[in-house]
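A quick write-up on the structure given underneath.
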Amino acid sequence: MPPSERPSGPDFRGKKYVRSRGETSSRGSEESGGSWSWTNSSSGHDGYWKKPSDRSYHAETYAEKDKRTVGLKEVITPTPPPPPPPPPPQRTVIQEAEEAPVERTSRTRRSRRKSAAEKAAAEEEHAEQPDSEPEGSSLTVKVDGREVSGEEAMEHLMEYVQAQKLDSFAMRHFCKDSSAFAASSLFEEIAGGKGTEKVTFRLPASCQCRFDLEEAVGAQGPDIAKQKLAARALEKLVELKCIGTDLRPLQTSEPESRPTPAPCESVFGHGGVDQRAMMKQPLSEWGKSTDGKVQLYSIDCGDCEELGLATIADANFCYEHCFEDHSLRLEATSTDWLPRMSERERIKYADIAAEFHNSFRLACKEGLAEMPEIGKDCLAEMVLVKVKNGQLDLEGMEASNRSGTPVAPWWLPRLVAKMERLNWWETVRNQAPTEPPPSPMKLHMIFDKGATTQEEQEFVAGRQTLALIGLDSLGLAKKITSRVEKPHASGQELEQEVEDFLEPWRLAPLVVETFLPHLGTRQNSGTSELAEMLLALVGAHKLESDMFSVARLWTWLTKDQDNSLEVSNHHTAACLRYLGRTPSYMSFGEVDPSPEDDEKDGKLHLKVRFEEYDDAYYRWSGNHAEEKRPDVPGLTAWQRLVWDPILGTFCSPSMLLPDGKHRPLPNKVCAWLR
């Protein structure tokens, strides 16, 4: 209808214009039981005749509504359109669906009418085939030349799946009966295009054979399609030799029961007496191989004169010991030993230091056996000295020897015995297969026996904690390595492999071959105790560093590169970031080794160009990380990197801070070394 012919009025805007035809069309009224009505389209410029429902129909015109509500005196009545054409003759269901009027502005209606036409065609086709099997019934299929029913094919397929080692996810979805199996996640109904449907089939991920199949759903329903898919899956399994020609799972031979391994012989630790005797040197020879430097532990006891313990071993840690209710703190420093003296004077003051040590030993009322005596040859690895302002006080020791027997504190023998064991493990840790090695305190707790009952209880609790950490770390590394090597293995297979991998009878011989239990003081250690030692050692490496150290330790223990766990480094290794100021660098990249290095393993070196320093090269050599700066005189040879246990990062042996300490390396260099 043109806009000029629309009725006017305040309530007309935005409403649909409907005009009653009354009884102008007797044919339409007789056929439909009501009168036809004219309805405007959404655009307002066109319209169509609308057939009313069976009930009586009457609609007011907007003009009448305006007169009734507003009281308008004159309303423009539009000219009615011509009468509608007669209704079409009776049509079939398919013809009505195909010739249904389609609105130009709606694609959804067209698709619905098309789907209705296709559905009606399918119903007629189904009606024309009265001999076809009803939906949900079984059918007969051929599998490898053998006729079986569809239900039997489903049962054979279920039998194969249940014979596999399923993981926990698959176990929740597969039951023992075929009805539950048919509705399991092996089959999935998917709606396709143009109203079609299909069923897809997929074996669970834990099965050895994996493939995908699909089948269109016909008039017989999805159950028949699933049975057809089951038959096709059985043919595929027979082809892959996963099942036999009788459609039964192949009978695998049971694994031979392995004999129970004989337990390891008990190990009795001797504390490394023979090795420690080789370390002892005459006091007059101390410092000759270390530029006159020795390590000094200053004892802060608060209630006695300043004492200290001098040693020729490394001293990288400070300690705090509690003996009953008495707390002692020991700070490690480096000091000169008998500096700038002739050979005669060195021998003289060495005798003075030995006499000072023995005088305090004799002054102890108990625990003389715990504090070793220094003989006339002055062989020692640790000696008690007098300290003044953090330095060795030779004059004070000489004066103390002339004054007679000193007053020795009661805790002195126990402290000396404790520090001798820690000093020994400080030497042993330098032979660890990786950096950073475990602290001497952890090694002391793992392989030594506590001096008192309370200390032994603390050692047992500490060993159990470290063993639990080592068990989790070693199991994680093994799982990741097995998953990479066997990507289709089920979770149950991985768990069984890890369980066999961590058997105590497998772990105990590995730690015995390292000779570490013999260097401790624990006695009568059996298979379970030795396995706990190894797991605790793994846990100590994990706590000091990360999974990188665990993998390198295992390679060192097994001496087998093919059975290593270093594959897990790509998924677990994570070097801790140092949150501090490090040297800035301009370039960073890997390079081939120089000819003078004469390396045949083919491993690349890392070259870093610093802003503040010259170029530096880094590599991993054996058990240690090293640095070389060929452009700096005196630093052209490889030097071992320094691990700072307080900062938790690698430090450069040649780059020093203003206070003389080693400067931490950039996090990117540390990460490359891991």
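From R506, atom CZ reaches atom OG1 of T527 across 14.0 Å, with rounding to the nearest 0.5 Å. Rounding to the nearest 0.5 angstrom, the gap separating the OG atom in S568 from the CD atom in E566 is 8.5 Å. Rounded to the nearest 0.5 angstrom, F650 CZ and W643 CH2 are separated by 5.5 Å. Atom-to-atom distance recorded for L647:CG and H662:NE2 is 11.5 Å, nearest 0.5 angstrom. Here the CD-CG distance, from E532 to L537, works out to 12.5 Å after rounding to the nearest 0.5 Å. Once rounded to the nearest 0.5 Å, the distance linking NZ of K449 with CG of N524 reads 10.5 Å.
Between the side chain of D448 and the backbone N or O of R421 there is no donor-acceptor pair closer than 3.5 Å. A distance-only check finds no donor-acceptor pair linking the side chain of N423 to the backbone of M419 [under 3.5 Å]. With hydrogens and angles ignored, the 3.5 Å screen pairs a side-chain donor or acceptor of T514 with a backbone N or O of V511. Using a distance-only test at 3.5 Å, with no hydrogens or angles considered, no donor-acceptor pair links the side chain of D546 to the main chain of K542. Formation of a donor-acceptor pair under 3.5 Å by the R414 side chain with backbone atoms of A451 is not found in this model. A distance-only check finds no donor-acceptor pair linking the side chain of S400 to the backbone of G396 [under 3.5 Å].
Residues R483 and L494 share a closest heavy-atom pair of NH2-CD1, 3.2 Å. What you find for L510 and L557 is that their closest heavy atoms are CD2-O, 4.0 Å. Taking every heavy atom of both residues into account, P437 and E544 meet most closely at O-CG, 3.8 Å. Closest heavy-atom contact between C318 and A332: SG-N, 3.6 Å. Listed here is the closest heavy atom pair of N430 and H624: O-CE1, 3.7 Å. Taking all atoms of both residues into account, the shortest heavy-atom contact from I299 to W411 is CG2-CH2, 4.1 Å.
Between F548 and W554, the distance separating the two ring centers is not shorter than 6.0 angstrom. Taking the six-membered ring for Trp and the full ring otherwise, the centers of F268 and H518 sit at least 6.0 Å from each other. Here F447 and W425 bring their ring centres to under 6.0 angstrom of each other. You'll find the ring centres of W672 and H605 outside the 6.0 Å limit.
With contacts defined as side-chain heavy-atom distances shorter than 4.5 Å, the pair V608/Y617 does not qualify. In this structure, H571 and V484 have side chains that are in contact, with non-hydrogen atoms separated by less than 4.5 Å. Residues V591 and L606 are not in side-chain contact: their nearest non-hydrogen atoms beyond the backbone lie 4.5 Å or more apart.
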Would you check, one step at a time, whether the test side chain to side chain contact (heavy atoms under 4.5 Å, CB included) holds for E485 with T481?
CA-CA 6 Å; E485 296 175 351; T481 304; 3.6 Å; yes
Mind running side chain to side chain contact (heavy atoms under 4.5 Å, CB included) on V267 and V512 for me, showing each step along the way?
CA-CA 8 Å; V267 176; V512 172; 4.2 Å; yes
I would like to know whether T636 and K628 meet side chain to side chain contact (heavy atoms under 4.5 Å, CB included); could you show each step before the answer?
CA-CA 6 Å; T636 56; K628 181 177 69 171; 5.5 Å; no
Given side chain to side chain donor-acceptor pair (under 3.5 Å), test E435 with N623 step by step and report yes or no.
CA-CA 7 Å; E435 283 185 325; N623 302 337; over 6 Å; no
Test side chain to side chain contact (heavy atoms under 4.5 Å, CB included) on T335 and V294; report intermediate values, then the result.
CA-CA 6 Å; T335 185; V294 296; 3.9 Å; yes
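H270 and F515 have tilted rings, their planes meeting at an angle from 30° to 60° on a 0 to 90° scale. Below 30°, between 30° and 60°, or above 60°: for F356 and F360 the angle between ring planes is between 30° and 60°, a tilted geometry. Ring orientation note: the planes of Y297 and Y319 are tilted relative to one another, at an angle of 30° to 60°.
Side chain to side chain, D314 and Q295 fail the donor-acceptor criterion of an N or O pair below 3.5 Å. Using modelled atom types, one finds a donor on one side chain and an acceptor on the other under 3.5 Å when comparing E627 with S654. Side-chain N/O atoms of E331 and S298 include no donor and acceptor closer than 3.5 Å.
Taking the charged nitrogens against the carboxylate oxygens, K479 and E497 have no contact shorter than 4.0 Å, which rules out a salt bridge. One finds a salt bridge joining K418 and E455 here, because a Lys/Arg side-chain nitrogen approaches an Asp/Glu carboxylate oxygen to under 4.0 Å. Ion pairing of D615 with R629 is absent here, as no side-chain N (NZ or NE/NH1/NH2) approaches a carboxylate O to less than 4.0 Å. In summary, K388 and E395 do not engage in a salt bridge, as defined by a charged side-chain N under 4.0 Å from a carboxylate O. Between R463 and E456, at least one side-chain nitrogen of the basic residue sits less than 4.0 Å from a carboxylate oxygen of the acidic one, meeting the salt-bridge criterion. For E612 and R663, the salt-bridge test passes: some basic side-chain N is under 4.0 Å from an acidic carboxylate O. The existence of a salt bridge linking E626 and R640 is excluded, since no basic side-chain nitrogen approaches an acidic carboxylate oxygen closer than 4.0 Å.
A side chain to side chain contact (heavy atoms under 4.5 Å, CB included) with L471 holds for exactly one of L476, L507, L502, V538; it is L502.
A 6.0 Å sphere centred on CG of D631 holds more than 12 heavy atoms belonging to other residues, nucleotides or ligands. The environment of CD in E590 is crowded: more than 12 heavy-atom neighbours from other residues, nucleotides or ligands sit within 6.0 Å.
A cation-pi arrangement is present between K478 and F501, with the terminal nitrogen or guanidinium carbon under 6.0 Å from the aromatic centre and inside a 45° cone about the axis. Because its NZ or CZ atom is both nearer than 6.0 Å to the ring centre of F588 and within 45° of the ring axis, K668 counts as a cation-pi partner of that residue.
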